[in-house]
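Remarks on the structure that follows.
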Amino acid sequence: MDTSNEHKRLDYICWRDYFMAIAFLAAKRSKDPVCQVGACIVNKENKIMGIGYNGMPNGCCDDFFPWGKNSPIPTETKALYVCHAEMNAILNKNSADVKDCTIFVGLFPCNECAKIIIQSGIREVVYLSDEKAHKPSYQASKRMFDAAGIKYWQYTPQTDKIVIDFKKLKLSESPSKAEIEKLTLNDV
Ligand SMILES: O=c1ccn([C@H]2C[C@H](O)[C@@H](COP(=O)(O)O)O2)c(=O)[nH]1
Ligand SMILES: [Zn+2]
């Protein structure tokens with residue numbers, strides 16, 4: 001590795017790792033105790049068009065709506081309320097539409113998200129986990145994507161792990177006032 005600082009860094013992350021990592025960072029915002037999902041929509045110019053994670057709808061307090069799915073009360077189940085990551089990413093878009101875009105998701109989309117993805121004009125789905133592939137609703141997604149000509153494929157990141165260590169980064173924060181004065185005096 002070149003450590004001279006005279007040439008460009010070579011250990012930067014590639015675009016796909018970057019977008020997938022953003023999807024996972026967004027998932028960190030999820031309050032779901034079991035499954036946190038994030039999604040990042042990107043256009044052909046590698047510009048981010050929308051980000052989302054699974055959460056309760058606006059105005060539906062995270063503390064009062066159910067996060068479980070085993071309650072004897074039929075209405076006390078998260079599935080009735082949670083907005084899925086893909087839907088949130090599409091609705092949060094910062095452009096007129098997401099036509100021809102790619103969506104990066106931590107988890108392969110369910111059938112409800114698949115419908116929304118198709119209708120939004122997204123053409124490609126890049127996912128990391130396919131852990132629910134055995135469930136009919138996820139098989140339905142693949143059936144719909146195949147019929148609609150949406151490309152979908154499981155991503156293998158190039159980087160094993162991406163760490164953001166705020167504590168370590170803080171060590172290189174701007175110098176204190178005393179340090180600045182010392183530096184200035186030494187410069188004169
Ligand atoms: O396409 C999907 C599928 C699921 N999710 C979210 C919805 C829920 O909050 C969890 C799934 O919880 P389980 O306990 O595993 O049923 O994942 C999503 O955002 N997008
Ligand atoms: Zn879904």
Side-chain angles (χ1 to χ4, degrees), residues 16-43 48-95 97-157 161-162 164:
R16 284 170 175 161
D17 280 11
Y18 173 60
F19 298 133
M20 191 56 91
I22 286 175
F24 275 87
L25 186 62
K28 293 256 176 215
R29 288 274 315 143
S30 175
K31 319 296 182 305
D32 192 316
V34 175
C35 183
Q36 304 84 40
V37 187
C40 176
I41 302 171
V42 179
N43 74 5
I48 294 174
M49 299 287 112
I51 296 176
Y53 59 87
N54 52 330
M56 291 300 167
N58 293 340
C60 303
C61 183
D62 292 334
D63 298 317
F64 302 128
F65 278 77
W67 284 111
K69 47 184 182 183
N70 296 318
S71 168
I73 307 164
T75 51
E76 285 301 299
T77 178
K78 67 177 170 183
L80 296 178
Y81 308 103
V82 176
C83 298
H84 289 195
E86 299 88 326
M87 185 184 88
N88 276 335
I90 292 169
L91 293 175
N92 288 345
K93 65 182 180 298
N94 53 22
S95 57
D97 60 58
V98 287
K99 283 195 173 50
D100 297 327
C101 285
T102 297
I103 187 164
F104 288 79
V105 270
L107 176 70
F108 184 81
C110 75
N111 65 312
E112 291 301 328
C113 290
K115 293 180 209 173
I116 301 169
I117 288 169
I118 293 168
Q119 296 304 80
S120 74
I122 287 174
R123 300 299 304 165
E124 186 179 16
V125 178
V126 184
Y127 58 95
L128 200 87
S129 165
D130 202 10
E131 67 187 46
K132 296 183 191 273
H134 57 284
K135 297 190 172 188
S137 81
Y138 292 82
Q139 289 161 1
S141 300
K142 287 180 182 154
R143 182 174 174 182
M144 288 187 277
F145 286 154
D146 287 338
I150 309 289
K151 187 174 159 192
Y152 56 93
W153 55 286
Q154 190 164 27
Y155 186 56
T156 305
K161 64 175 172 185
I162 295 172
I164 301 170

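Heavy atoms only: backbone and side chains are in, while hydrogens, waters and symmetry mates are out. Both counts, for ligands and for their atoms, begin at 1 and track the order of listing.
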Ligand 1 atoms in contact with [X] (distance to a heavy atom under 4.0 Å):
{"X": "Val34", "answer": "14 (O)"}
{"X": "Tyr138", "answer": "3 (C), 4 (C)"}
{"X": "Cys113", "answer": "1 (O)"}
{"X": "Lys78", "answer": "12 (O), 13 (P), 14 (O)"}
{"X": "Val82", "answer": "9 (O)"}

Does any N/O atom on Cys83 come nearer than 3.5 Å to any N/O atom on ligand 1?
->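 No; the residue has no nitrogen or oxygen that sits under 3.5 Å from a nitrogen or oxygen of the ligand.
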When you check the side-chain N and O atoms of Ser30 and Asn54, is any donor under 3.5 Å from an acceptor?
->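 Checked: Ser30/Asn54 side chains pair up, N/O donor to acceptor below 3.5 Å.
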Looking only at non-hydrogen atoms, which of Asn54, Asn88, Val105, Ile116 approaches atom 6 (C) of ligand 1 most closely?
->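 Closest candidate by heavy-atom distance is Asn54.
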Could you name the option among His84, Glu112, Lys135 that has the heavy atom nearest to atom 18 (C) of ligand 1?
->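 Minimum heavy-atom distance to atom 18 (C) of ligand 1 goes to His84.
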Could you check whether any heavy atom of [X] sits closer than 4.0 Å to an atom of ligand 1, since that is the contact criterion I want to use?
{"X": "Lys132", "answer": "yes"}
{"X": "Tyr81", "answer": "no"}
{"X": "Lys69", "answer": "yes"}

Counting heavy atoms only, which part of Glu86 comes closer than 4.0 Å to ligand 1: side chain, backbone, both or neither?
->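 Side chain only.
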Have a look at ligand 1 and work out which part of Ala85, if any, has a heavy atom under 4.0 Å from it: side chain, backbone, both or neither.
->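 For Ala85, the contact with ligand 1 is made by both the backbone and the side chain.
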Give the atom name of whichever N/O/S atom in His84 sits closest to the Zn ion (ligand 2).
->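 Restricting His84 to its N, O and S atoms, the minimum distance to the Zn ion (ligand 2) goes to ND1.
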Taking NZ, NE, NH1 and NH2 as the nitrogens, is one of them in Lys142 or Asp130 under 4.0 Å from a carboxylate oxygen of the other?
->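 Counted as a salt bridge, because a side-chain N and a carboxylate O are separated by less than 4.0 Å.
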